[in-house]
K.L.:
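Before I ask anything, here is the structure I am working with.
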2 protein chains.
Amino acid sequence: MLSKKSQYAFKALAYLATKYNQGPVLISEIAKKKKIPLKFLENILLELKKADILDSKKGKGGGYFLNKSPEKVKMATVIRLINGPIAMLPCVSLYFYERCKNCDEKHCGLHDMMLEVRDATLNIVENRTLKDLIV
Amino acid sequence: MLSKKSQYAFKALAYLATKYNQGPVLISEIAKKKKIPLKFLENILLELKKADILDSKKGKGGGYFLNKSPEKVKMATVIRLINGPIAMLPCVSLYFYERCKNCDEKHCGLHDMMLEVRDATLNIVENRTLKDLIV
DNA sequence: AAAATAGTCTATCGTCTTGGTAGGCTATTT
DNA sequence: AAATAGCCTACCAAGACGATAGACTATTTT
């Protein structure tokens, strides 16, 4: 399951995507329009900024805005950043890989199955972007 | 990510699948062979029994055993029982559905995308069984 | 320069989940 | 009756999750 934080992140990003190239948007505006707790949203946006997905401007007329066009931000990137691994097991994760203890990956049915699930999922989230969030 | 509990469950079930129709297997045997904390495994097996996946026998010569043949136990069933929802969002879950607050499912890009992910995943885990865990 | 604006940073907090343990109880066999 | 082996209830520590507080810094306006 995606955490609430991830859902908030996607709502905020979708909102910013609709405002792309229209200047900075206030955290408070996003929080109000998307009904996200303000201070919680602050943390999320900051994290997205540190990952170079967003940029910000301080002072009057400031706010947050997308650092690149919506179709350049992959869903997979955001999920990994805010939610963590996409795979169902560490031993089949690309970005959060960990070897299985007491289990030979070459002869593990669970491993093989979860690898399939991972690929099926990646096939979607690696090929969708923030642009697809705007309906 | 699958919880450690789920991974233990699958290891235990895979072991019991290899012993299908060979009489009861001691919890302690499974725990030892699969390196699972004994008391924790007790809980897991009991849960699987209550869900009619396993059955047990008390007293000498007792133990746990599969209640039906390995190919009749779907991966999806076990995941839902031990791990919870398969979908990434409550609003696209079949068995744990919850309506989205402040979000119209008919016009939500995230919803549509997560529906795709869910279907891709279900397509695998609904069509694989414990039999596929044995290599 | 001062005041206002708006993001940044650090810390904290209550609650729930996760992983695991303990110990007694009950049913079945020998 | 004694031994075996699963059943049940309770508990606990650590960490994750969702959220909040408050002080700090950078930028703009007056």
Side-chain angles (χ1 to χ4, degrees), chain A residues 1-12 16 19 23-32 34-67 79 81-85 88-90 96 101-102, chain B residues 1-12 16 23-32 34-67 79 81-85 88-90 96 98 101-102:
Chain A
M1 281 280 202
L2 292 180
S3 64
K4 226 161 179 190
K5 189 177 173 185
S6 305
Q7 297 178 51
Y8 288 155
F10 280 123
K11 293 211 183 225
L16 287 174
K19 306 268 183 184
V25 182
L26 290 178
I27 302 181
S28 56
E29 179 185 334
I30 306 171
K32 198 176 174 186
K34 292 301 183 175
K35 295 187 178 148
I36 303 170
L38 185 90
K39 294 296 276 180
F40 198 16
L41 180 58
E42 265 186 29
N43 299 334
I44 297 170
L45 296 181
L46 200 52
E47 210 168 326
L48 289 166
K49 177 185 171 171
K50 283 178 180 161
D52 265 323
I53 293 167
L54 297 180
D55 202 353
S56 66
K57 200 170 169 300
K58 285 187 177 180
K60 179 149 196 183
Y64 274 96
F65 49 94
L66 276 178
N67 205 10
I79 295 177
L81 179 70
I82 305 293
N83 209 71
M88 284 185 139
L89 290 177
F96 299 83
K101 306 130 186 63
N102 324 318
Chain B
M1 280 284 204
L2 292 179
S3 64
K4 225 158 177 192
K5 189 177 175 185
S6 306
Q7 297 177 51
Y8 288 154
F10 281 121
K11 293 208 185 227
L16 288 174
V25 181
L26 290 178
I27 303 181
S28 55
E29 179 185 335
I30 307 172
K32 198 176 175 188
K34 291 301 181 176
K35 297 191 178 146
I36 303 170
L38 184 94
K39 294 297 275 180
F40 197 15
L41 181 58
E42 263 187 32
N43 299 334
I44 297 169
L45 297 180
L46 200 52
E47 211 168 326
L48 289 165
K49 178 185 171 170
K50 283 178 182 162
D52 265 324
I53 293 167
L54 297 180
D55 202 354
S56 66
K57 199 167 169 301
K58 284 187 177 181
K60 179 149 196 182
Y64 275 97
F65 48 94
L66 275 179
N67 205 9
I79 296 177
L81 178 71
I82 305 292
N83 209 70
M88 283 187 139
L89 290 176
F96 299 84
E98 275 176 63
K101 305 131 185 62
N102 325 317

K.L.:
Look at all strands and tell whether A/I27 reaches a base, only sugar-phosphate, or nothing, counting heavy atoms closer than 4.0 Å.
P.N.:
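Sugar-phosphate, backbone atoms only, no base.
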K.L.:
May I ask you to decide whether A/K50 forms a salt bridge with A/E47, counting only side-chain N to carboxylate O separations under 4.0 Å?
P.N.:
no
K.L.:
Of A/L2 and A/K58, whose nearest nucleotide on DNA chain D comes first from the 5' end?
P.N.:
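With A/L2 and A/K58 compared, the 5'-side residue is A/L2.
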K.L.:
For B/I44 and D/dC8, what is the distance between atoms CD1 and P respectively, to the nearest whole Å?
P.N.:
16 Å
K.L.:
Rounded to whole angstrom units, what separation is found between the CD atom of A/E47 and the C1' atom of C/dT10?
P.N.:
15 Å
K.L.:
Which sits closer to the 5' end of DNA chain C, A/G62 or A/N43, going by the nucleotide each is nearest to?
P.N.:
A/G62
K.L.:
Just how far, in rounded Å, is P of D/dA10 from CD of B/E42?
P.N.:
16 Å
K.L.:
Using whole Å, what does the distance between atom C1' of nucleotide D/dG6 and atom CG of B/L48 come to?
P.N.:
14 Å
K.L.:
Measure CZ/A/F65 against C1'/C/dA6 and give the value in whole Å, please.
P.N.:
13 Å
K.L.:
Can you tell me how far C1' of C/dT17 sits from CD1 of B/I82, to the nearest Å?
P.N.:
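About 15 Å, once rounded to whole Å.
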K.L.:
To the nearest angstrom, how far is B/K49 atom NZ from D/dA5 atom C1'?
P.N.:
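Whole-Å distance recorded here is 11 Å.
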K.L.:
Find the distance between CZ (A/F65) and CG (A/L16) and round it off to the nearest 0.5 Å.
P.N.:
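One gets 10.0 Å once the value is rounded to the nearest 0.5 Å.
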K.L.:
Look at the side chain of A/L46 and decide which nucleotide, out of C/dT21, C/dT26, C/dC9, has an atom nearest to it.
P.N.:
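So the nucleotide nearest the side chain must be C/dC9.
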K.L.:
Mind checking if B/L26 touches a base, just sugar-phosphate, or nothing, with heavy atoms under 4.0 Å?
P.N.:
sugar-phosphate
K.L.:
OP1 or OP2 of D/dG18 versus the side-chain N and O atoms of A/K39: is any pair under 4.0 Å?
P.N.:
no
K.L.:
Tell me whether the OP1 or OP2 atom of D/dG18 has a side-chain N or O from A/Y8 closer than 4.0 Å.
P.N.:
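It does not, given that no N or O in the side chain of A/Y8 lies less than 4.0 Å from OP1 or OP2 of D/dG18.
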K.L.:
Using a cut-off of 4.0 Å on non-hydrogen atoms, how would the nucleic acid contact of A/L38 be classed: base, sugar-phosphate, or nothing?
P.N.:
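If one applies the 4.0 Å heavy-atom cut-off, A/L38 turns out to touch nothing in the nucleic acid.
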K.L.:
Can you check whether B/D52's main-chain N or O pairs, donor with acceptor, with B/N67's side chain at less than 3.5 Å?
P.N.:
yes
K.L.:
With a cut-off of less than 4.0 Å, is there a side-chain N or O of B/K60 near OP1 or OP2 of D/dG6?
P.N.:
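Looking at the OP1 and OP2 atoms of D/dG6, neither is under 4.0 Å from any side-chain N or O of B/K60.
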K.L.:
May I have the distance from B/L41 (atom CG) to C/dT18 (atom C1'), rounded to whole angstrom?
P.N.:
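Answer to the nearest Å: 16 Å.
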K.L.:
Any side-chain heavy atom of B/I79 sitting closer than 4.5 Å to one from B/S6?
P.N.:
no
K.L.:
So if I take every side-chain heavy atom of A/P37 and compare against C/dA27, D/dT20, C/dT21, which nucleotide ends up nearest?
P.N.:
D/dT20
K.L.:
State which of C/dG19, D/dT27, C/dT21 makes the closest approach to the side chain of B/K4.
P.N.:
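It is C/dG19.
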K.L.:
Under 4.0 Å between a Lys/Arg side-chain N and an Asp/Glu carboxylate O for B/E29 and B/K32?
P.N.:
no
K.L.:
Picking from D/dG6, C/dG20, D/dT27, which would you name as closest to the side chain of B/F40?
P.N.:
C/dG20
